[in-house]
Amino acid sequence: MSASTISIVDADPDLAEQLDDEQLERARHEALTRVQRLSPGEWDVANALEPDVHHRGFMIAEGLLSREVDVLGRHCIELIGPGDVMRPWSWDDAGSHVRAEVGWEVLEPTKLAVLDHALVTRINPWPQLGVELFNRGTRRAHHLAVALAIAHHNRVEDRLLLTLWHLAERWGKVTPDGIVVPLPLSHERLASIVGAHRPSVTTAMGALAKSGKVSRRDDGAWLLHGDPPEKLRHHKLAAALS
């Protein structure tokens with residue numbers, strides 16, 4: 001892991017869109033911050049906490065991570081990617097009698113922009129940037145709420161199909177053959193995401209492939225075919241295909 005610097009408005013187009021051209025040019029110089037780089041593999045988040053007491057967290061500039069939460073031997077996975085804001089070493093045990101173990105894995109080479117007090121101070125002239133960073137937490141909460149609702153569907157096939165369309169909303173790419181979900185989603189990882197056992201996922205994915213709803217490319221990415229499930233008729237990628 002090496003250190004460098006990055007401007008958060010260059011790293012994240014959504015942040016840059018909050019500013020006009022003159023503001024953006026100035027912010028490119030003022031919104032500089034340190035970078036932590038992570039290689040694929042297990043991530044020891046305790047070592048990510050910098051000695052600066054004003055270290056607030058990270059914004060993912062590039063890459064992909066997974067957060068695994070384990071409760072009494074059953075676990076779930078959250079995928080976290082570019083634009084997400086997080087405090088990986090912080091876990092609030094207050095108000096819960098259920099103990100959870102949290103683990104992190106770097107799935108792709110990842111670049112983290114450090115969010116500290118100095119950066120917050122420098123971007124004060126553009127409060128819209130702070131608001132947008134705050135909104136990232138709300139977006140993650142919404143994403144998790146949808147994933148939780150999907151996990152309550154009885155049929156594993158339904159859970160998998162809904163999950164893939166849900167992930168495609170953010171990561172999917174429209175191609176002539178369908179919507180590609182370019183994520184490292186093995187049967188084992190999908191099982192953790194949807195709350196099923198790996199053999200059940202293998203059987204269900206076979207059924208979805210046989211019905212023509214899903215296929216897998218040679219590079220391992222999943223490809224979605226046809227229309228999204230009824231509840232997702234207004235899916236932005238579905239609109240792009242119509």
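Quick caveat: nothing in here was measured; it's all calculated off a predicted structure.
- Residues Thr175 and Ile179 fail the side-chain proximity criterion, which asks for heavy atoms closer than 4.5 Å.
- At least one side-chain heavy atom of Leu79 sits less than 4.5 Å from a side-chain heavy atom of Trp171.
- Proximity of a side-chain donor or acceptor of Thr203 to a complementary backbone N or O of Val201 within less than 3.5 Å is not detected.
- Of the charged side-chain nitrogens involved, at least one lies within less than 4.0 Å of a carboxylate oxygen, so that Arg67 and Glu78 count as a salt-bridged pair.
- Put simply, the side chain of Leu64 reaches to within 4.5 Å of the side chain of Pro184, judged on heavy atoms.
- Atom CG of Leu190 and atom CG of Leu185 lie 5.0 Å apart (nearest 0.5 Å).
- For the pair Ile123 and Glu30, the minimum side-chain heavy-atom distance is 4.5 Å or more.
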Quick one: side chains of residues 191-199, donor-acceptor pairs under 3.5 Å with protein atoms, not counting sequence neighbours, listed by atom name and distance.
residue : atom : partner : partner atom : Å
Ser192  : OG   : His75   : NE2          : 3.0
Ser192  : OG   : Glu188  : O            : 3.4
Arg198  : NH1  : Thr202  : OG1          : 3.3

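- The closest donor-acceptor contact from the side chain of Glu169 to the backbone of Trp165 lies at 3.5 Å or more, if one exists at all.
- A salt bridge is absent between Glu132 and Arg139; no separation between the charged side-chain nitrogens and carboxylate oxygens falls under 4.0 Å.
- Trp222 places no side-chain N or O within donor-acceptor distance of the main-chain N or O of Val214, the cut-off being under 3.5 Å.
- For the atom pair Leu38 CG and Glu62 CD, the distance stands at 11.5 Å (nearest 0.5 Å).
- Here Asp177 does not pair with Arg217 in a salt bridge; the nearest charged N to carboxylate O distance is not below 4.0 Å.
- Looking at residues two or more places apart in sequence or on another chain, you find a side chain to side chain donor-acceptor pair (under 3.5 Å) between His225 and Ser215.
- Residue His152 holds its NE2 atom at 10.0 Å from CG of Asn154, rounded to the nearest 0.5 Å.
- For the residue pair Arg37 and Ser4, a side-chain donor N or O sits within less than 3.5 Å of a side-chain acceptor on the partner.
- Here the side chain of Thr33 pairs a donor or acceptor atom with the backbone of Val114 at under 3.5 angstrom.
- Transitive grouping of hydrophobic side chains (ILVMFWY, heavy atoms separated by less than 4.5 Å) keeps Leu32 and Leu115 in distinct clusters.
- In the hydrophobic clustering of ILVMFWY residues, with side-chain heavy atoms under 4.5 Å counting as a link, Leu107 and Val181 come out together.
- Not counting sequence neighbours, the partners of Glu157 by the side chain to side chain donor-acceptor pair (under 3.5 Å) test are Arg155.
- Its side chain outside the 4.5 Å cluster rule for every partner, Val120 clusters with none of the Ile, Leu, Val, Met, Phe, Trp and Tyr residues.
- Side chains of Pro182 and Lys173 form a contact here, defined as non-hydrogen atoms less than 4.5 Å apart.
- Scanning all heavy atoms of the two residues, the minimum distance from Trp104 to Val45 falls at CD1-CG1, 3.3 Å.
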Walk me through whether Leu164 and Met205 qualify under side-chain contact (heavy atoms from CB on, under 4.5 Å). CA-CA 11 Å; Leu164 288 172; Met205 292 305 291; 4.0 Å; yes
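- At a threshold of 4.5 Å between non-hydrogen side-chain atoms, the residues Leu112 and Val35 do not count as touching.
- A salt bridge links Asp84 with Arg170: the distance from a Lys NZ or Arg NE/NH1/NH2 to an Asp or Glu carboxylate oxygen falls below 4.0 Å.
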Give the C-alpha distance, both sets of side-chain angles, the deciding distance and a yes or no for side-chain contact (heavy atoms from CB on, under 4.5 Å) between Arg26 and Trp126. CA-CA 10 Å; Arg26 182 182 169 195; Trp126 311 286; 3.6 Å; yes
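- Asp70 CG to Arg99 CZ: the interatomic distance, rounded to the nearest 0.5 Å, is 11.0 Å.
- Taking 4.5 Å as the limit, every side-chain heavy atom of Ile60 sits out of range of all side-chain heavy atoms of Arg136.
- Residues Val102 and Leu144 do not share a hydrophobic cluster, defined by chaining ILVMFWY side chains whose heavy atoms lie under 4.5 Å apart.
- Taking each heavy atom of Ile8 and Leu15 in turn, the nearest pair found is O-CD1, 3.6 Å.
- When hydrophobic clusters are built by joining Ile, Leu, Val, Met, Phe, Trp and Tyr residues whose side-chain heavy atoms come closer than 4.5 Å, directly or via intermediates, Leu133 is grouped together with Leu24.
- In this structure, Arg216 has no side chain to side chain donor-acceptor pair (under 3.5 Å) partners at least two apart in sequence or on a different chain.
- A donor-acceptor pair under 3.5 Å is absent between the side-chain atoms of Arg28 and the main chain of Ser7, judged by distance alone.
- For the atom pair CG of Leu65 and CE of Met86, the computed distance is 5.0 Å after rounding to the nearest 0.5 Å.
- Partners of Thr138 by side chain to side chain contact (heavy atoms under 4.5 Å, CB included), not counting sequence neighbours, listed by chain and number: Phe134.
- His153 NE2 to Leu160 CG: the interatomic distance, rounded to the nearest 0.5 Å, is 12.0 Å.
- The minimum heavy-atom distance linking Gly63 with Pro82 is given by the pair O-CD, 3.2 Å.
- When every heavy atom of Val85 is checked against every heavy atom of Arg140, the shortest pair comes out as O-NH1, 3.2 Å.
- Of all heavy-atom pairs spanning Thr110 and Glu108, the tightest one is OG1-O, 2.7 Å.
- Smallest separation of non-hydrogen atoms from Asp20 and Gln23: OD1-N, 2.7 Å.
- Within the 4.5 Å cutoff, no side-chain heavy atoms of Trp43 are placed close to those of Glu105.
- Residues Ile80 and Val106 are members of one and the same hydrophobic cluster, defined by side-chain heavy-atom contacts under 4.5 angstrom among Ile, Leu, Val, Met, Phe, Trp and Tyr.
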